[in-house]
Amino acid sequence: MNTSEFAGREALANSVYEIPESEYTRRLGDRQRQLAGIRALHRRLWTYLILAALAGTVVTWAALSSPLVSILWILLPAVVALSIVQSLTRNARLHARVQRIVSFYEIGLGRLGNKWQGRGIGGANFRPESHPYASDLDLFGAGSLFELLCTARTGIGRAMVANWLIKPAECGEVIERQLAIAELRDKLDLREDWASTEGSALEQTGDLVRDWASAPIIAFPAYTRVLAFFLPICLIGVSIAAGFGEIGRASCRERV
């Protein structure tokens, strides 16, 4: 792809969100209002849970004090309390998810407003011991270029960003990266979903992908290809024979 085609795609992507600060601010405000609603619901749920516990205590006392009240009435507040606990759990997970999205936009606005130092990942562990320009240009560490650029959520992604910073790329590869950035630039919903994912799940997934990619190639014997081709055919043949009752009749003839 030549430079003119890339410029056309970049112009198309820029037409979606001409002012990133305003879009980030709008989305941040929406999520902060959602977060406030989640917290208010959480407080109401805790109030309902306390009331259900008090109702359960009263019903238990009444059932033990009077034979006219069945002890089975305790099931009603118990079921209500269990339902409230489940709602609290779901609401807590939603709160954590929205909180991660709020942090995503706050850090993004910090980068746009030049207030990003110390709020990201410095990547000091990626600093090579001997490199011609890594230390001079402050590529890694607090307030470094890595902290400014890197928003990766997995160890693999951070290592890739670090590798891009310390190893120069060919012109064609640079254009491909810029095209990928232009393609993702206006997909804020996708980036928001990615930012809302729990970090531990991402790290586990990244470790599994890295282990899979670095695992040695498994070599199968040549005859396994022949078996892989003929075994399904044999299975189909056996299934068809069983469907027509040939196997059953053959076993009956052997018994006779």
Side-chain angles (χ1 to χ4, degrees), residues 1-14 17 19-21 23-24 28 99-188 190-218:
M1 178 174 291
N2 53 37
T3 307
S4 60
E5 291 177 344
F6 170 71
R9 291 195 178 186
E10 185 178 18
L12 179 62
N14 287 335
Y17 300 120
I19 305 177
E21 292 89 345
E23 182 64 23
Y24 269 49
L28 177 59
Q99 182 62 61
R100 286 190 289 268
I101 296 175
V102 169
S103 300
F104 167 75
Y105 287 122
E106 287 177 343
I107 294 175
L109 287 172
R111 288 197 306 271
L112 294 171
N114 198 26
K115 298 177 181 179
W116 50 271
Q117 294 86 348
R119 304 184 62 184
I121 301 172
N125 56 310
F126 295 115
R127 182 187 291 115
E129 295 182 358
S130 58
H131 193 269
Y133 57 81
S135 299
D136 295 336
L137 299 182
D138 293 329
L139 295 185
F140 303 100
S144 63
L145 181 61
F146 182 88
E147 183 181 358
L148 172 63
L149 297 178
C150 184
T151 59
R153 300 290 311 282
T154 64
I156 292 179
R158 295 165 187 166
M160 180 175 291
V161 175
N163 186 60
W164 286 0
L165 291 177
I166 61 179
K167 293 183 180 179
E170 299 292 336
C171 182
E173 185 177 356
V174 172
I175 292 178
E176 290 179 357
R177 295 177 187 175
Q178 291 172 342
L179 285 174
I181 293 172
E183 183 178 354
L184 293 174
R185 183 179 300 156
D186 58 333
K187 295 182 179 180
L188 275 178
L190 174 62
R191 290 155 56 189
E192 184 178 290
D193 290 340
W194 183 251
S196 67
T197 306
E198 188 178 359
S200 60
L202 290 174
E203 287 296 339
Q204 183 179 6
T205 303
D207 293 339
L208 291 174
V209 173
R210 183 179 62 250
D211 294 341
W212 171 79
S214 60
I217 299 176
I218 301 176

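When reading the values below, keep in mind they use all heavy atoms of this one structure, side chains included, and skip hydrogens, waters and symmetry mates.
Here Arg111 contributes atom CZ and Glu147 contributes atom CD; the two are 10.5 Å apart, rounded to the nearest 0.5 Å. With rounding to the nearest 0.5 angstrom, the CZ atom of Phe126 is 7.5 Å from the SG atom of Cys150. For the atom pair CD (Glu170) and CD (Glu176), the distance works out to 11.5 Å, reported to the nearest 0.5 Å. Rounding to the nearest 0.5 angstrom, the gap separating the CD1 atom in Ile121 from the CG atom in Leu148 is 13.0 Å. One finds the CD atom of Glu173 at 7.5 Å from the CH2 atom of Trp164 (value rounded to the nearest 0.5 Å). Taken to the nearest 0.5 Å, the CZ atom of Arg100 stands 7.5 Å off from the OG1 atom of Thr197.
The shortest distance between side-chain heavy atoms of Thr151 and Arg191 does not fall below 4.5 Å. At a threshold of 4.5 Å between non-hydrogen side-chain atoms, the residues Pro128 and Phe140 count as touching. Tyr133 has its side chain within reach of Leu139: a pair of non-hydrogen atoms, C-beta onward, lies under 4.5 Å apart. By the 4.5 Å heavy-atom criterion applied to side chains, Leu184 and Leu190 are counted as neighbours. Side chains of Val102 and Gln99 form a contact here, defined as non-hydrogen atoms less than 4.5 Å apart.
Between Tyr24 and Tyr105, the angle of the ring planes goes over 60°, which puts this pair in the perpendicular group of the 30/60° scheme.
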